[in-house]
Amino acid sequence: MSRRRTSEQRLSRLLVMLPWLMERESVPLAEVAERFGLSEAEVTEDLELASLCGLPPYADELIDLFIDDGVVFMGVPRVFTRPLQLTSVEAFELLVAVRAALRLPGVDRDGALVRGLNKLAAALGEPGIIDEDVTIEIEQPPAVDDLLEAVRRVEVVGMEYWSPSNDETALRRVVPRQVFTDRGRWYVTGIDTGLGASIDAIRTFRIDRIISLERTGEFVDPPDEELPAPGEWFGDPALTRARLRLPASLLWMVEKYPVDEIDHLDGGDVVEVVLAVTSEHWLARLMVRLGPSAEVIEPERWCDLRRSAAEVILQRYDSG
Amino acid sequence: MANPVERLTNLLALLLETSNPLSLHQITAELAGMYPEGLSASRGQFERDKRLLREIGVPIETEVAVGGDEAGQTRYWIDRHRYELAEVDLDDDERRAVQLAVAATRSRSDSAQAALWKLGAGRAGSEAIAAASIPNPPQLTTALAVLREAIAARAAVEFEYRSAARAVEPLGLLLRHGFWYLVAIDREHGERRTFRADRIEGEVVVGEAGAFERPSVDLAAAFPADPKLIAISDSDSEVLRTALVRVDQPQASLLEGDLGPQSVHRRGEDGSVEFSIEYRNPEAMRAWVLGFGPDAEVLAPDELRFGVIEWLRSTLEAR
């Protein structure tokens, strides 16, 4: 696994790796690699470069280290004993992450995270737990607490779930593994133990489509499958992409969903967007919401979706 | 010539360790063989190195020498106190909690991870059982960090937004439904405005600190979270109204769970439910109803019902 790393990336990584190593004196190479997201060869290459670093009037190397038998040994620290300060972007992202996490369900609001936040804020000269300048809103539906408890206990839940693509409600048995929110919606990812005899699969469900939820009191062994990162299924290259053209004023409707690409045309009044289509049904509804001035450019088989969807809804109004 | 990483590490160490500011001439002499021969070539390389170091956050100090052999020359050094991260002294459980917070917010950007490493924490993985995706493309977070500092400093900012130059007094940042908003007072109109931070074009230019008094603001109340309630204009067509919408099962149950029983106007024998829904923005209202497809129908008011029908007809007839 070889990849090109820029000098900037290599130097930044070295400047966090060196102080960490200096506090420890000897660390297995494999552990360094794992911790800093590098291969062992990359760690070796970078540390060997650093060990060449030398300035007069030092007789010895400035950074005294050697690697022997898969272990990194550090000598007497001289320079780079402390990490570089946080950049303003790093500090911002870190504090946002901590404050957002405090609004997630299941977080102990008197616990380690709050203490950590207060120490960080003090060190960075930022406000502590209450920041009047930045508000992070995360609202959660009531079902989230039950689902999260089921995740902790590795418990099977029974849920009546409505699926819009076939407009059917089915009872599913799911072992929830994670709950998450993305663009204001909540999802639960879990092992769908199958309708009938089909194979268990990791699936993501929208919590606002769960009609009823029941904790079964049945527990299973913790599965060791890796979960997909939340939101990643939208990025799944296997999903078909559609290219839409619409007035820029309607972009907000499309941006509720993960969009691969947005191109502004005609001085910005018209946009073309490319997005993953999870179901034809979903795209049809989106197109009818976008209305007469929006169209599917590609693929061709979906160009007429808006018309068929509009027709079906009109029938309801005509008969009413 | 030396490997660039080796050269940069040496330059950094030299500027950190020096007891006196150093001119370019002195730097290239100390780092013999690392910079190209000739003043303009070595100057060019040094400028690139300096820029790279500053980009990763290294504060390089400069001064112009007065008198002596180096008179008029720029000299460089690094102030160790400005370079080094202050001691944060996190306990192990606090450090783990912060790492988990980064994992839980999917801030899998290089910046958040770099911050964790600097604090002695490890890699944020996918260990969180409850998570929130927070948008963090680099251009956006750079703008947000600049705005954050400007708000704290009470400095006015200027930027391009929807192809127009804006000058505003920034009051705060709001993260809602996966988007960052800047709440600010538009200096031209003297009115409070909300800007989508990801639609800010180009660079945010920050003015002098202490340029305005910041009133106390409830950022969450700056604009309604529900798009149906956001009036775009001050016209009469956007006063608060109530629509009656019939929704079929099973979506009616889902909606009732979301809105609460007080939104129910009447229950039909077939299980359908008539909901009372408040709105100001007819376009957003229409889009909301159409999201239910043929499972929902506007019953009242007439102008909304006919508006939906007209919209559907023109969609059906569009070329």
Side-chain angles (χ1 to χ4, degrees), chain A residues 7-8 10-12 16 35 49 52-53 55 62 79 82-90 92-94 97-98 100-101 104-106 112-113 115-116 119 123 133-138 151 162 169 178-184 211 230-231 285 288-289 291-292 306-307 310 312-314 316-317, chain B residues 4-6 8-10 13-14 16 52 56-57 84-86 88 90 93-94 97-98 101-102 104-105 107 111-112 114-115 117-118 122-123 126 129-134 141-142 145 148 151 172-178 219-220 250 253 287 290-291 293-294 297 309 311-312 314-316 318:
Chain A
S7 304
E8 195 172 331
R10 293 178 65 189
L11 182 64
S12 304
V16 286
R35 186 174 189 88
L49 261 185
L52 293 176
C53 178
L55 299 170
L62 201 52
V79 284
R82 288 284 303 153
L84 180 53
Q85 57 171 337
L86 300 188
T87 65
S88 61
V89 171
E90 289 163 358
F92 178 81
E93 283 202 28
L94 188 70
V98 172
L104 285 171
L113 189 55
R115 282 185 273 118
K119 287 184 184 175
D133 297 345
V134 182
T135 297
I136 294 166
E137 259 186 10
I138 296 178
V151 174
W162 175 65
T169 302
Q178 180 182 58
V179 292
F180 69 95
T181 176
D182 188 317
R183 283 161 240 247
I211 295 166
R285 296 227 168 140
V288 88
R289 295 171 73 210
R306 58 175 178 167
R307 275 182 280 272
V312 173
I313 303 173
L314 261 181
R316 171 168 194 150
Y317 282 88
Chain B
V5 178
E6 188 188 351
L8 287 160
T9 312
N10 272 296
L14 176 67
L16 269 169
L52 184 146
I56 65 169
E84 288 182 349
L85 177 67
V88 184
L90 292 174
D93 63 335
E94 294 161 359
V98 170
V102 172
T105 52
S107 304
S111 316
W117 277 324
K118 287 178 179 181
R123 267 205 293 167
S126 52
I129 58 170
S133 309
I134 293 186
T141 41
T142 303
R148 172 76 186 80
I151 294 161
L173 298 170
L174 170 66
L175 177 67
R176 169 176 283 167
H177 295 167
L219 296 169
S253 294
L290 290 174
E297 175 181 359
I309 293 172
W311 180 265
L312 290 167
S314 48
T315 305
L316 184 62

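Below, read A as the first sequence line, B as the second, and so on, with proteins coming before strands; counting in each chain starts at 1.
- With a threshold of 4.5 angstrom between heavy atoms, A:V151 approaches chain B through side-chain atoms but not through N, CA, C or O.
- Annotation: maximal heavy-atom pairing with chain A below 4.5 Å, among B:S253, B:A318, B:A86, B:A220, occurs at B:A318.
- When all heavy atoms are compared, the tightest approach of B:A131 to A:Q178 is CB-NE2, 4.3 Å.
- With a 4.5 angstrom heavy-atom cutoff, A:L104 touches chain B only via side-chain atoms.
- Of the listed residues (B:G172, B:A115, B:A114), the greatest number of heavy-atom pairs within a distance under 4.5 Å of chain A belongs to B:A115.
- Note on A:A112, A:P292, A:G116, A:A101: by heavy-atom pairs under 4.5 Å with chain B, the leading option is A:P292.
- Taking NZ from B:K118 and CG from B:L85, the interatomic distance works out to 7.5 Å, rounded to the nearest 0.5 Å.
- Of all heavy-atom pairs between A:Y317 and B:E297, the closest is OH-CA, 3.4 Å.
- Contact annotation for A:I138: only side-chain heavy atoms (C-beta onward) come within less than 4.5 Å of a heavy atom of chain B.
- For A:S88, the parts sitting under 4.5 Å from any heavy atom of chain B are the backbone and the side chain alike.
- Ranked by non-hydrogen atom pairs under 4.5 Å with chain A, the options B:I129, B:I56, B:V98, B:L290 are led by B:I129.
- With a 4.5 Å cut-off on non-hydrogen atoms, A:L94 touches chain B through its side chain but not through its backbone.
- Atom CD of A:Q85 and atom CD of A:E90 lie 9.0 Å apart (nearest 0.5 Å).
- The OG1 atom of B:T9 sits 12.5 Å away from the CG atom of B:L14 when rounded to the nearest 0.5 Å.
- Between chain A and the options B:L8, B:L174, B:I151, the largest number of non-hydrogen pairs under 4.5 Å is found for B:L174.
- Of all the listed residues (A:V98, A:V89, A:V312), the one sharing the greatest number of non-hydrogen pairs under 4.5 Å with chain B is A:V89.
- Heavy atoms only, all atoms of each residue included: B:A13 and A:V79 are closest at CB-CG2, 4.5 Å.
- Taking both residues in full, the closest heavy atoms of A:G291 and B:W311 are given as CA-CZ2, 3.2 Å, listed atom of the first, atom of the second, then distance.
- By number of non-hydrogen pairs under 4.5 angstrom with chain B, the leading residue of A:V134, A:V16, A:L84 is A:L84.
- With sequence neighbours excluded, the residues that form a ring pair (Phe, Tyr, Trp, His ring centres under 6.0 Å) with B:W117 are A:F36.
- Both the backbone and the side chain of B:I309 come within contact range of chain A, each with at least one heavy atom under 4.5 Å from a heavy atom of that chain.
- Listed options A:T87, A:T169, A:I136, A:L86 were ranked by heavy-atom pairs under 4.5 angstrom with chain B; first place goes to A:L86.
- Note that the CZ atom of A:R115 and the CG atom of B:D93 stand 4.5 Å from one another [nearest 0.5 Å].
- Highest contact tally toward chain A, considering only B:P294, B:G178, B:A97, is held by B:P294 [criterion: heavy-atom pairs under 4.5 Å].
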Walk me through it: do A:V288 and A:R306 pass the test side chain to side chain contact (heavy atoms under 4.5 Å, CB included)?
-> CA-CA 5 Å; A:V288 88; A:R306 58 175 178 167; 5.6 Å; no
